[in-house]
Trainee: 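Would you mind keeping the following structure in view while I ask a few things?
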Amino acid sequence: MEFLLPLLTLATVQILAVISPGQSFLVISKLALSTGRPAALCASVGMGLGSTIWATAAMIGLAVALKHDQWLYAMLKFCGGSYLGYLAVSHWRHSHDVASKEMQVSKKVTLSAAFLQGLLTQLANPKVIVFFGSIFFAFIPPHAPTWVSLICLIIVFCNEALWYSIVSFAFSVEKSQNFYFLAKTWIDRIMALVLGAIGVKLILDALQIAGRFVDL
């Protein structure tokens with residue numbers, strides 16, 4: 001029960017980030033409209049795997065920071081909080097931007113090619129590792145056992161793959177996209193508030209850790 005709340009909070013924050021429209025969303029919706037649902041579903045699994053790879057890399061960095069020293073841990077927390085603050089401002093500023101709805105007709109692709117497209121779309125965005133590192137620092141206790149880390153990776157994969165699978169089903173019917181784009185402003189604003197709050201928490205935690213060393 002000790003780790004239940006951190007895991008639920010992690011899952012909630014990450015799914016909000018996934019839902020917020022971006023490059024991955026456009027790739028899946030375009031595949032669903034122009035190529036078909038099966039290809040979009042395969043790309044969804046690829047995106048889930050890509051995010052899991054970045055999340056694993058972020059966890060390895062977290063473990064190294066904890067093993068090295070608390071000063072490095074505090075510094076990474078501060079940098080992560082600052083980055084999330086930047087993302088929060090960016091989401092809020094661009095909440096009124098109109099998401100692209102130009103889904104051009106493309107050639108049919110094989111299921112393996114669609115999977116690879118989804119995987120490479122996620123791997124081509126190294127900023128994802130910074131995001132995962134930030135939320136892991138925010139929610140996962142330093143003394144968490146290995147099984148908690150494994151559950152975190154499962155959460156990341158399931159959130160990505162399941163959400164984009166839903167998008168694949170919804171966008172196989174073209175008119176469905178209108179309902180989603182209408183909610184874009186509020187999705188971005190909610191995400192901005194959540195990221196901002198987490199960023200402030202990380203910065204305050206970092207200052208508290210640094211303050212203990214100064215007192216010594």
Side-chain angles (χ1 to χ4, degrees), residues 7-8 10-60 87 91 94-95 97-133 135-136 149-188 190-191 194-195:
L7 289 172
L8 288 176
L10 172 70
T12 301
V13 171
Q14 200 246 334
I15 194 61
L16 283 173
V18 173
I19 290 174
S20 184
Q23 179 181 353
S24 300
F25 178 88
L26 294 178
V27 168
I28 294 297
S29 54
K30 180 180 179 180
L31 278 173
L33 288 171
S34 62
T35 305
R37 187 179 299 169
L41 289 173
C42 288
S44 301
V45 176
M47 287 188 175
L49 178 59
S51 290
T52 304
I53 292 173
W54 282 128
T56 302
M59 282 189 170
I60 293 173
L87 286 183
H91 273 282
H94 295 287
S95 62
D97 290 356
V98 178
S100 173
K101 293 163 68 175
E102 297 179 358
M103 307 298 177
Q104 301 175 354
V105 176
S106 60
K107 298 179 180 179
K108 293 290 183 179
V109 298
T110 63
L111 298 184
S112 59
F115 171 83
L116 187 61
Q117 182 178 0
L119 175 63
L120 293 179
T121 296
Q122 291 300 80
L123 293 181
N125 184 16
K127 291 188 295 184
V128 174
I129 192 174
V130 182
F131 173 77
F132 281 129
I135 61 175
F136 289 155
S149 298
L150 293 176
I151 291 180
C152 288
L153 296 179
I154 292 173
I155 289 173
V156 168
F157 177 82
C158 290
N159 277 350
E160 294 273 350
L162 289 178
W163 167 249
Y164 287 119
S165 295
I166 292 172
V167 173
S168 301
F169 278 93
F171 275 71
S172 57
V173 180
E174 187 170 356
K175 65 180 181 180
S176 300
Q177 63 181 288
N178 295 325
F179 294 100
Y180 185 85
F181 285 122
L182 285 174
K184 176 186 178 300
T185 295
W186 287 108
I187 291 174
D188 280 352
I190 292 173
M191 189 61 193
V194 172
L195 290 178

Trainee: Can you tell me how far apart CG (Leu7) and CD1 (Ile154) are? Round to the nearest 0.5 Å.
Mentor: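 Between Leu7 CG and Ile154 CD1, I get 10.5 Å after rounding to 0.5 Å.
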
Trainee: Taking only residues two or more places apart in sequence or in another chain, which ones pass side-chain contact (heavy atoms from CB on, under 4.5 Å) with Ala161?
Mentor: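 side-chain contact (heavy atoms from CB on, under 4.5 Å) check on Ala161 returns Phe157.
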
Trainee: Evaluate Ser51 against Phe132 for side chain to side chain contact (heavy atoms under 4.5 Å, CB included), listing each step before the verdict.
Mentor: CA-CA 9 Å; Ser51 290; Phe132 281 129; 4.2 Å; yes

Trainee: Taking atom CZ of Phe115 and atom CG of Leu41, what is their separation to the nearest 0.5 Å?
Mentor: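 Interatomic distance, Phe115 CZ to Leu41 CG, rounded to 0.5 Å: 13.0 Å.
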
Trainee: Using the test side-chain contact (heavy atoms from CB on, under 4.5 Å), find all partners of Leu153 that sit at least two apart in sequence or belong to another chain.
Mentor: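 If we apply the side-chain contact (heavy atoms from CB on, under 4.5 Å) test to Leu153, skipping adjacent residues, the hits are Thr52, Ala55, Thr56, Met59.
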
Trainee: How close do Ala11 and Asn159 get, counting heavy atoms only, and between which atoms?
Mentor: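 For Ala11 and Asn159, the tightest heavy-atom pair comes out as O-ND2, 3.2 Å.
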
Trainee: What heavy-atom pair brings Ile155 and Gln14 nearest, and what distance separates the two atoms?
Mentor: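 Heavy-atom minimum between the residues: O-OE1, 3.8 Å.
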
Trainee: State which residue, out of Leu8, Ile135, Val18, fulfils the side-chain contact (heavy atoms from CB on, under 4.5 Å) condition with Val13.
Mentor: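 It is Ile135; the other options fail the test.
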
Trainee: Partners of Ser168 by side chain to side chain donor-acceptor pair (under 3.5 Å), sequence neighbours excluded?
Mentor: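 If we apply the side chain to side chain donor-acceptor pair (under 3.5 Å) test to Ser168, skipping adjacent residues, the hits are Ser44.
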
Trainee: Does Trp163 reach the main-chain N or O of Ile15 with its side chain, forming a donor-acceptor pair under 3.5 Å?
Mentor: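 Absent.
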
Trainee: Which distance, rounded to the nearest 0.5 Å, do you find between the OG of Ser149 and the CZ of Phe136?
Mentor: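 Nearest 0.5 Å value for the OG-CZ distance: 8.0 Å.
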
Trainee: Restricting to non-hydrogen atoms, name the atom on Trp54 and the atom on Gln122 that form the minimum distance, rounded to 0.1 Å.
Mentor: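 Taking Trp54 first and Gln122 second, the nearest heavy atoms are NE1-O, 2.9 Å.
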
Trainee: Work out which heavy atom in Thr121 is nearest to a heavy atom in Ser24; give both atom names and the distance.
Mentor: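 Residues Thr121 and Ser24, closest heavy atoms: CG2-OG, 4.0 Å.
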
Trainee: Roughly how far, to the nearest 0.5 Å, is the CD atom of Glu160 from the OG atom of Ser165?
Mentor: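 That separation rounds to 11.0 Å.
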
Trainee: Taking only residues two or more places apart in sequence or in another chain, which ones pass side chain to side chain donor-acceptor pair (under 3.5 Å) with Ser112?
Mentor: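 With sequence neighbours excluded, Ser112 shows a side chain to side chain donor-acceptor pair (under 3.5 Å) to Thr110, given in chain and number order.
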
Trainee: Test of understanding: with side-chain contact (heavy atoms from CB on, under 4.5 Å), list the residues that count as partners of Ile53, not counting sequence neighbours.
Mentor: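 Residues passing side-chain contact (heavy atoms from CB on, under 4.5 Å) with Ile53: Leu49, Leu119, Leu123.
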
Trainee: If you compare all heavy atoms of Ala39 against all heavy atoms of Leu31, which two are closest, and at what distance to 0.1 Å?
Mentor: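 That would be O-CD1, 4.4 Å.
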
